[in-house]
Amino acid sequence: MFAENLKKAMEEKGINSATLVRLTGFSKGAVSQYVNGIITPSQQRREAIAAILGVDAQELEGMKDPDPYNPDPYAAVLSGKATLTCQEAAALLHKRPDYIRLGLQQGRPGFEFGSAVKVSGKWSYCIYANKFAEVTGIPVTAISGRDRG
């Protein structure tokens, strides 16, 4: 199940195995085994892969299926934008981007809208736009053109 979902997410994002190796810092052999369903990565590695692919870790694990009868209420307003940058989230919360980064790194309460993963000594952040709106109650449409980036 994980391997199938991983392949699908990689295909949707236009990411091949070599790119996933580079982005995660995992070995070629490990990524190959994940993609081919030989082994399933640890929870920490699944979360890192999910963050890089911009999907929910539960989706990769096959535990979360979209409900066609209960569509995401924010999907229409996002116009295809599934994730936010730390700068965008900070602007919406009237905080500095470093506040967002540190909260995600430390897994603080109230930061359940995204994740931070340290890859090759560098932090990578993923903030899910619909989850951000759900957790904070702030509509993502409040982002103006000047706040993006």
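Residue numbers count from 1 along this sequence.
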Give a yes-or-no answer on whether the side chains of R45 and Y34 include a donor-acceptor pair shorter than 3.5 Å.
-> yes
Going from CG on D98 to CD on Q105, what distance comes out if it is rounded to the nearest 0.5 angstrom?
-> 9.0 Å
Do I100 and L93 come within less than 4.5 Å of each other through their side chains, counting heavy atoms only?
-> yes
Which atom pair, heavy atoms only, marks the closest approach of V117 to A48?
-> CG1-CB, 3.4 Å
Distance from K118 atom NZ to S124 atom OG, nearest 0.5 Å?
-> 13.0 Å
Without swapping roles, check the side chain of T24 against the backbone of L20 for a donor-acceptor pair under 3.5 Å.
-> yes
Please examine the side chains of R108 and L102, heavy atoms only from C-beta on, and report whether any two atoms are closer than 4.5 Å.
-> yes
Here the pair of heavy atoms bringing I127 nearest to C86 is CD1-CA, 4.0 Å
To the nearest 0.5 Å, what is the distance between CD (E88) and OG1 (T85)?
-> 3.5 Å
Considering residues, nucleotides and ligands other than R96, do more than 12 of their heavy atoms fall under 6.0 Å from its CZ?
-> no
What one should report as the nearest heavy-atom pair of E112 and V135 is OE1-CG1, 4.1 Å
Note, P41 side chain near F26 side chain (heavy atom, < 4.5 Å) = no
For K7 and V35, the nearest pair of non-hydrogen atoms, with its separation, is CE-O, 2.7 Å
Can you establish whether the number of heavy atoms outside Q44 located under 6.0 Å from its atom CD is more than 12?
-> no
Would you say S32's side chain and K28's backbone share a donor-acceptor pair under 3.5 angstrom?
-> no
The ring pair (Phe, Tyr, Trp, His ring centres under 6.0 Å) partners of F111 (sequence neighbours excluded) come to Y99, F113
Roughly how far, to the nearest 0.5 Å, is the CD atom of E134 from the NZ atom of K131?
-> 4.0 Å
Give the C-alpha distance, both sets of side-chain angles, the deciding distance and a yes or no for side chain to side chain contact (heavy atoms under 4.5 Å, CB included) between E12 and V55.
-> CA-CA 11 Å; E12 288 174 359; V55 298; 5.7 Å; no
Rounded to the nearest 0.5 Å, how far does CH2 of W123 lie from OG of S115?
-> 10.0 Å
Run the salt-bridge test on E11 and K8 with the 4.0 Å N-O cut-off and return the result as yes or no.
-> no
From S42 OG over to I49 CD1, what is the distance, rounded to the nearest 0.5 angstrom?
-> 8.5 Å
Check whether any side-chain N or O of N16 sits under 3.5 Å from a backbone N or O of A18 as a donor-acceptor pair, and report yes or no.
-> yes
Could you pull out the closest heavy-atom pair between L23 and V119, with the gap in Å?
-> O-CG1, 2.6 Å
What do the steps show when you test M10 against S17 for side chain to side chain contact (heavy atoms under 4.5 Å, CB included), and what is the final call?
-> CA-CA 8 Å; M10 288 171 60; S17 293; 3.9 Å; yes
Work out which heavy atom in G114 is nearest to a heavy atom in Y128; give both atom names and the distance.
-> CA-CD1, 4.1 Å
